[in-house]
Number of protein chains: 2
Amino acid sequence: MQTIIISIGDELIGGASVDTNSAYLSARLAERGIVAVRHVTVGDDANRITQAIIGAAAEAELVIITGGLGPTLDDLTRRALADAMGVELIEDAHSAKRIKAFFDRIGRTMKPSNLTQAMIPAGAEAMDNDCGTAPGIAARLGRVDVFALPGPPNEMTEMFERQVAPRLGVAGALARRVLHAFGTGESDIGERIADLMARDANPKVGTTAKGGIISIRIVATGQTPADTDAAAENTANEIRHRLGELIFGQDEQTLASVVGDALKDCGMTLATAESCTGGMIGQMMTETPGASEYFLGGIVAYANSAKTATLNVPAEVIESHGAVSEQVADTMARGVREKFGADFALSVTGIAGPDGGSDDKPVGLVYIALSGPSSSKVHRHIFSGARDIIRRRAALTTINHLRLALTESEGRASKNKSHQPSS
Amino acid sequence: MQTIIISIGDELIGGASVDTNSAYLSARLAERGIVAVRHVTVGDDANRITQAIIGAAAEAELVIITGGLGPTLDDLTRRALADAMGVELIEDAHSAKRIKAFFDRIGRTMKPSNLTQAMIPAGAEAMDNDCGTAPGIAARLGRVDVFALPGPPNEMTEMFERQVAPRLGVAGALARRVLHAFGTGESDIGERIADLMARDANPKVGTTAKGGIISIRIVATGQTPADTDAAAENTANEIRHRLGELIFGQDEQTLASVVGDALKDCGMTLATAESCTGGMIGQMMTETPGASEYFLGGIVAYANSAKTATLNVPAEVIESHGAVSEQVADTMARGVREKFGADFALSVTGIAGPDGGSDDKPVGLVYIALSGPSSSKVHRHIFSGARDIIRRRAALTTINHLRLALTESEGRASKNKSHQPSS
């Protein structure tokens, strides 16, 4: 089965924003055996959108449109799709009700323009939007299925996964795993599993890299769910075996959620002392619901005076070694651990750039300290890239150090148990 | 002048990689008054590529192709372009020589397949690639200019800037502004500037929404830079006049960078006390280089015990009013202001969800306190959406409250100045 994906918006065609929706949809559809043959992007121009829809429906059995469902005058997908279908737009009562309820819930007055979002081509079906106000549209154009989804990626993916994907057939059975790794580069991982990544292999294995996290996608296709599931699991296990502790989790897991689970398992708590990351580590640790079970909080000591005032880092230590030093990292971690009464503390101090570097201490130099019940350790890194890249990589690396330490002590605890004489 | 941009590659159409080249080219071409009307992505399929080129040349005066110029069997742009032109491929001696020299220089043996990259459609011109082996192609298809560029973004941008851009005329002039607003919804803004958003207006005005930030794009086309610049500025001023303090900045400015500038201007400092946002506000404030001039740091008091231990929020206050209350927000702000010795302090405490809500205090309830030299104020909000949406909206709203307070006191200071008798 073939599909053509149309993305709509002046911000896309003008180059202000990069279209990520089409790639997402193509990848998810490919996993169901539906092959994208073309991506088309047009601006907020009703005629061009209509032409794109008609052209796509002449070639493919499935057409997916993203964007243009907002409430303003430049949102033209509803009109353009109705024109392509040769029908009128009519107000969908259910959608109108949901939009009114949305405004009631947030305590704002709804205006008439918001109700334009409830207009659906006659004969088409509205799809509820659980993340925003614009319903999607499920329609038929001759013998072709057409789905119109919102442009904002979080709204689009939620609606696609929950409402479009289940409506699509899957040719045979399909099983998927996504393993996540951190600690080396994509090409290194690619080399370690090169034989598994042949283009015509089944399961198909591919890698993507984002901010230092390497995601390894495994897709097995076959006749039955049992077959495909076993095949995907085999390949996943082989990859886990080869990559060892580089793999931190799979599917929805993040470095932070995995560390959270490990802390929960041993009933321990964490506090953080951040400088150049500004609060990013705390933000990452608290992304996961229920983080209050193990994450007590932290201190962002951005100014050097704050390091002294709030973390008891002696001013002389900063003066003699500099704010970005092993000594300051260590003192920050011990200080916040004591202040919060946490079992573990992580600290990070570094030079995020673009200014502040020197020959001695270049941009990207970061010290990370981990202070725990039995020991303290400081790690030194030099990250490269722009300010936001360095900050993000420092935050993830900090959390990863705790992950590795918890894994290691877990391993030692099991060994100790297995060495105990059977009673 | 109109252009259509074609990007080629299985990794694009299959969704493994996101196409960034088309957005880059569209933006750069727009600056020269050349408007992209469509982006098309196809896979490594000679027929589809040929069809895409022919279709594009029938509609636009300029066609730019990226990708498919590599040395392997799936690199088909040369053949597809020659087919579209109805000519043969012939080896370009100059390009062949450069490719051989490249392999000599890196000390590797060249294979015959590498020379396929020197094959150029008869009548077309090769463009030297200074970052890789594949020459680009400059060709004519009827009265249409066609440029084929390498796929890897660094090779593409270098060749475009150095060899394509200079060959393009500048068709008239184009001026752009992007204004950013926060504090109301996209539909509300759309209504306030509806008359400016007519589809055929010049300047063209469009809006996009992302995480509560509404961006208003203004694009003016005309004969001369002076004309278009004046037109864009006029429209921008009209929008600023109508939206008042809803507009916080333009172009690269963010809420955090604008607040940072305001703090710098009055030589004042800021500290933050965060609960549900986990550190996100600190992270946003420190995104901007040089933030240490005004941002001292903050405390993430995620656990209630931490609110008492680190911010001096009395345990009885948390017990009687709850952690998510006006009283706790106020005490957190005053506490961190004192601890850091900051001029201003912002605090936020709320229920990010999905759990933790009640009839009394629903998910999304957030109290934000601003404590300053002369006063303190607490704001109450109810945000809706998933956990990450609520946290992000809370963080931005918190920063926005400081922005509005600084703008207001700035206004009062000017008024006071203007009321002084001239001496």
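Chain A is the first sequence line, chain B the second, and so forth, proteins listed ahead of strands; every chain is numbered from 1.
Comparing B:Val40, B:Ile299, B:Ile13 by how many heavy-atom pairs each has under 4.5 Å with chain A, the most go to B:Ile13. The candidate with the highest count of non-hydrogen atom pairs below 4.5 Å against chain B, out of A:His39, A:Gln117, A:Arg38, is A:His39. Counting heavy-atom pairs closer than 4.5 Å to chain A, the top-ranked of the candidates B:Ile382, B:Thr272, B:Thr277, B:Thr286 is B:Thr286. If you tally non-hydrogen atom pairs under 4.5 Å between each of B:Ala306, B:Gly190, B:Pro289 and chain A, the highest count goes to B:Pro289. The greatest number of non-hydrogen atom pairs below 4.5 Å with chain A, out of B:Arg217, B:His381, B:Lys307, is found for B:Arg217. Ranked by non-hydrogen atom pairs under 4.5 Å with chain A, the options B:Ala386, B:Ser305, B:Gly185, B:Ala271 are led by B:Gly185. In terms of non-hydrogen atom pairs under 4.5 Å with chain A, the most contact-rich of B:Lys204, B:Met285, B:Arg176 is B:Lys204. Most heavy-atom pairs under 4.5 Å with chain B, from the set A:Gly356, A:Gly206, A:Gly9, A:Ser26: that is A:Ser26. Interface check for chain B: of the options A:Val336, A:Asp74, A:Val18, the most heavy-atom pairs under 4.5 Å are formed by A:Asp74.
Separation of atoms SG (A:Cys131) and CD1 (B:Ile389) is listed at 7.0 Å; rounding is to 0.5 Å. Taken to the nearest 0.5 Å, the OG1 atom of B:Thr310 stands 4.5 Å off from the CZ atom of A:Phe340.
In this structure, chain B has a heavy atom under 4.5 Å from the side chain of A:Asn154, while its backbone stays farther away. For A:Ala291, the parts sitting under 4.5 Å from any heavy atom of chain B are the backbone and the side chain alike. Looking at A:Leu76, only its side chain comes within 4.5 Å of chain B, counting heavy atoms on both sides. Residue B:Ala194 touches chain A through both its backbone and its side chain, counting heavy-atom pairs closer than 4.5 Å. Residue contact with chain B, scored on non-hydrogen atoms closer than 4.5 Å, is absent for A:Asp388. For A:Arg108, the part lying near chain B is the side chain, with the backbone staying farther off; criterion is any non-hydrogen pair under 4.5 Å. Only the side chain of A:Ala309 comes within less than 4.5 Å of a heavy atom of chain B; its backbone N, CA, C and O stay farther away. Only the side chain of A:Arg48 comes within contact range of chain B, with at least one heavy atom under 4.5 Å from a heavy atom of that chain. In this structure, chain B has no heavy atom under 4.5 Å from any part of A:Glu155.
The closest donor-acceptor contact from the side chain of B:Ser187 to the backbone of A:Asn114 lies at 3.5 Å or more, if one exists at all.
Taking all atoms of both residues into account, the shortest heavy-atom contact from A:Arg391 to B:Gln283 is NH2-O, 2.9 Å. Here the shortest heavy-atom pairing between B:Phe295 and A:Tyr302 reads O-CD2, 3.4 Å.
For the side chain to side chain contact (heavy atoms under 4.5 Å, CB included) with A:Thr72, the qualifying choice from B:Ile193, B:Thr207, B:Ile214, B:Val205 is B:Thr207, the only one to do so.
Around the CD atom of A:Glu338, the shell of radius 6.0 Å holds no more than 12 heavy atoms that belong to other residues, nucleotides or ligands. Counted within 6.0 Å of CZ on A:Arg392, heavy atoms from surrounding residues, nucleotides or ligands total 12 or fewer; the atom is thus considered open.
A donor and an acceptor atom, one from each side chain of A:Glu11 and B:Thr208, are nowhere located under 3.5 Å apart. When only modelled atom types and interatomic distance are considered, B:Thr288 and A:Arg387 share no side-chain donor-acceptor pair under 3.5 Å.
The residues A:Lys111 and B:Asp188 are annotated as salt-bridged, a charged nitrogen and a carboxylate oxygen being separated by less than 4.0 angstrom.
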